[in-house]
Amino acid sequence: MSGLVAVIDYGMGNLHSVASALHHVGADEVVVTHDAELIRKADRVVFPGVGAIRDCMDEIKRLQCDELLTRALTEQRVPVLAICVGLQAMMSCSQENGGVDCLDIIPGEVRYFGNPLSDAEGNRLKVPHMGWNAVCQKRQHPLWQGIADMTRFYFVHSYYVHAEDRSLLAASVEYGVSADAALARDNLFAVQFHPEKSAGAGLQLLRNFIGWNGTC
Amino acid sequence: MSLAKRIIPCLDVDGGRVVKGVNFVGIRDAGDPVEIAMRYNEQGADEITFLDITASHEGRDTTVHTVEQIAEHVFIPLTVGGGIRSVEDIRTMLNAGADKVSINTAAIHNPELVRESAEKFGSQCIVVAIDAKRVGDVDGQPRWEIFTHGGRKPTGIDAVEWAQKMADLGAGEILLTSMDRDGTKNGFELGVTRAITEAVEIPVIASGGVGNLDHLVDGIIEGGADAVLAASIFHFGEYSVPEAKAHMAARGIEVRL
């Protein structure tokens with residue numbers, strides 16, 4: 001039973017695809033909201049994000065979504081899934097938009113992929129990192145259940161996460177550098193890719209999330 | 001393993017109906033874009049592009065509804081293009097569930113639209129579509145220009161310079177269609193594909209002219225494209241998406257299998 005899944009909406013981009021995907025995998029009830037009361041009642045929380053980090057951070061703070069997120073993580077202690085810019089916003093700081101302070105929930109940086117970027121054989125790599133790349137699982141986790149190591153997920157980003165505490169690394173992705181593809185800590189699982197756009201593998205991860213009890 | 005090259009089936013839609021016929025065994029209604037998008041999703045397409053060729057305003061409301069329905073059922077990226085003229089049009093399509101919006105003629109009339117929309121919604125969802133046609137050589141080098149109105153109207157704009165300008169303004173991807181090849185089944189125009197992929201840092205989707213699976217391979221290997229888009233070879237059941245991927249993989253191209 002998933003219970004009530006709250007997708008935190010701070011006004012950046014369309015969150016219907018996240019909500020549709022959660023419905024599709026059998027979530028009981030999904031709300032897309034920044035209403036504090038609803039989020040407080042939620043049995044699990046999704047923290048998504050698209051767009052530029054500065055705009056995202058401004059809206060997260062203006063709507064006090066940072067407090068709602070912290071409460072979900074540490075007081076409600078419900079399972080939390082962060083996606084893409086949602087993950088980036090949780091880091092200490094980002095190089096995007098000339099340098100932006102983020103929520104510092106996970107110590108670490110969000111770095112630019114660099115331009116020019118090339119792979120180990122010297123082939124030029126395009127930025128943004130856009131498309132289906134292999135996710136290398138670094139540890140066991142309930143959210144990887146039924147998903148083979150090196151399964152491809154859909155990515156679209158120009159900045160990548162590097163967590164300070166390498167024991168949090170749940171998966172990495174190679175794209176000129178080794179970028180953090182997923183971080184896990186207690187009841188938090190945070191991914192750089194878009195499970196809601198990653199076909200069967202992404203749906204499986206969301207199915208795992210709505211059945212997860214928040215422990216590793 | 002590295003980033004996979006993408007295969008993108010394209011649907012031409014008029015008033016909520018797919019207008020170039022689509023033949024799938026077991027499909028109930030060959031004109032229903034939702035059903036067709038779901039079928040390509042099941043086949044393992046990496047993305048879907050939805051090209052709206054509807055002329056009327058009423059028809060465009062239908063398009064929004066169709067995009068909403070596809071987004072509810074298909075969990076791979078969806079690009080919507082055709083008739084996008086303003087920030088408001090882009091917002092409407094993104095809110096309906098499109099992941100990316102493709103801008104073509106409006107970018108030529110108003111390049112600032114690309115900058116403004118990339119700043120507002122993020123580069124990742126702004127695709128600039130370029131319809132290029134070869135216009136003869138300059139100092140022995142081939143030159144391609146941007147054409148509008150389905151390839152009939154020249155603009156005098158150099159296609160390679162235009163692609164660079166669009167990337168500088170914040171486009172996240174280029175959808176390059178060769179108007180010399182579109183509909184010919186003779187393969188991509190590899191010269192312009194290579195020239196543009198080398199000129200810009202953002203991904204390039206090659207389009208126009210695919211007639212067989214070797215053409216897809218050529219677009220990636222010779223043209224340097226990051227993704228290949230095709231319509232008729234998939235619609236008429238000549239080839240399936242898995243066949244295309246198997247063929248590309250056999251030629252050493254990384255694909256999502």
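Residue numbers start from 1 in every chain, and the chains themselves are labelled A, B, ... in the order their sequence lines are given, proteins ahead of strands.
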Asks: Just one of S198(A), S20(A), P195(A) clears the side-chain contact (heavy atoms from CB on, under 4.5 Å) bar with F75(B), so which one?
Replies: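 Going through S198(A), S20(A), P195(A) one by one, the side-chain contact (heavy atoms from CB on, under 4.5 Å) with F75(B) is satisfied by S20(A) alone.
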Asks: Please determine, among P203(B), A118(B), A98(B), G44(B), the option with the most heavy-atom pairs under 4.5 Å with chain A.
Replies: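 Looking at each option in turn, the highest pair count goes to P203(B).
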Asks: Tell me, side chain or backbone of V255(B) under 4.5 Å from chain A's heavy atoms, or both, or neither?
Replies: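 Contact with chain A is through the backbone of V255(B) alone.
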Asks: Against chain B, work out which of G202(A), P116(A), G51(A) has the most heavy-atom pairs shorter than 4.5 Å and name it.
Replies: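 Ranked by contacts with chain B, first place is G51(A).
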Asks: Would you compute the distance between atom CG of N133(A) and atom CE of M1(B) and round it to the nearest 0.5 angstrom?
Replies: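 These two atoms lie 8.0 Å from each other.
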Asks: Using heavy-atom distances under 4.5 Å, tell me whether E42(B) contacts chain A through its side chain, its backbone, both, or neither.
Replies: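 Contact with chain A is absent: no heavy atom of E42(B) under 4.5 Å.
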Asks: Could you tell me whether the side chain of W132(A) and the main chain of R6(B) form a donor-acceptor pair under 3.5 Å?
Replies: no
Asks: How about Q145(A): does its CD atom have over 12 heavy atoms from other parts shown lying under 6.0 Å from it?
Replies: no
Asks: Within the distance-only criterion (no hydrogens, no angle test), does the side chain of K126(A) pair as donor or acceptor with the backbone N or O of I202(B) below 3.5 angstrom?
Replies: yes
Asks: Pick one of side chain, backbone, both or neither for H129(A), based on which atoms fall under 4.5 Å of a heavy atom in chain B.
Replies: side chain
Asks: Count the heavy-atom pairs under 4.5 Å between each of D46(B), L94(B), D226(B), N95(B) and chain A, then report the option with the highest count.
Replies: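 The option with the most such pairs is D46(B).
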Asks: Can you tell which of G122(B), A71(B), G97(B), C125(B) has the highest number of heavy-atom pairs within less than 4.5 Å of chain A?
Replies: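 Highest number of heavy-atom pairs under 4.5 Å: G97(B).
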Asks: Do E201(B) and R124(A) meet the salt-bridge criterion of a basic N to acidic O distance under 4.0 Å?
Replies: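 Looking at R124(A) and E201(B), the cut-off is met.
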Asks: Could you report the tightest heavy-atom contact between N41(B) and A199(A), atom names first, then the distance?
Replies: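 Minimum heavy-atom separation between N41(B) and A199(A): OD1-CB, 4.4 Å.
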Asks: Please report the interatomic distance NE2(H23(A)) to CD(E72(B)), rounded to the nearest 0.5 Å.
Replies: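 It comes to 8.5 Å.
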Asks: Could you tell me which non-hydrogen atom of M130(A) sits nearest to which non-hydrogen atom of G172(B), and how far apart they are?
Replies: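 That would be CE-O, 3.8 Å.
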Asks: As an exercise, state the distance from CG of L125(A) to OG of S2(B), rounded to the nearest 0.5 Å.
Replies: 8.0 Å
Asks: For H34(A), I'd like to know if atom NE2 has over 12 heavy atoms of other residues, nucleotides or ligands within 6.0 Å.
Replies: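 Result for NE2/H34(A): open.
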Asks: Quick one: do E254(B) and R152(A) make a salt bridge, cutoff under 4.0 Å?
Replies: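 Answer for the salt bridge query: yes.
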Asks: Would you call I76(B) and Y154(A) a side-chain contact if the rule is heavy atoms closer than 4.5 Å?
Replies: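 No - every pair of side-chain heavy atoms lies 4.5 Å or more apart.
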Asks: At their closest point, which heavy atom of P77(B) faces which heavy atom of K197(A), and how far apart are they?
Replies: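 Shortest heavy-atom contact: CD-O, 3.6 Å.
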Asks: Can you tell me which of M150(A), E174(A), H24(A) forms the most heavy-atom pairs within a distance under 4.5 Å of chain B?
Replies: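 If we count pairs closer than 4.5 Å to chain B, H24(A) comes out on top.
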Asks: Please check if atom CD in E243(B) has more than 12 non-hydrogen atoms from other residues, nucleotides or ligands closer than 6.0 Å.
Replies: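 For E243(B), atom CD is crowded (more than 12 foreign heavy atoms under 6.0 Å).
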Asks: Where does T197(B) contact chain A at under 4.5 Å (heavy atoms): side chain, backbone, both or neither?
Replies: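 Both parts, backbone and side chain.
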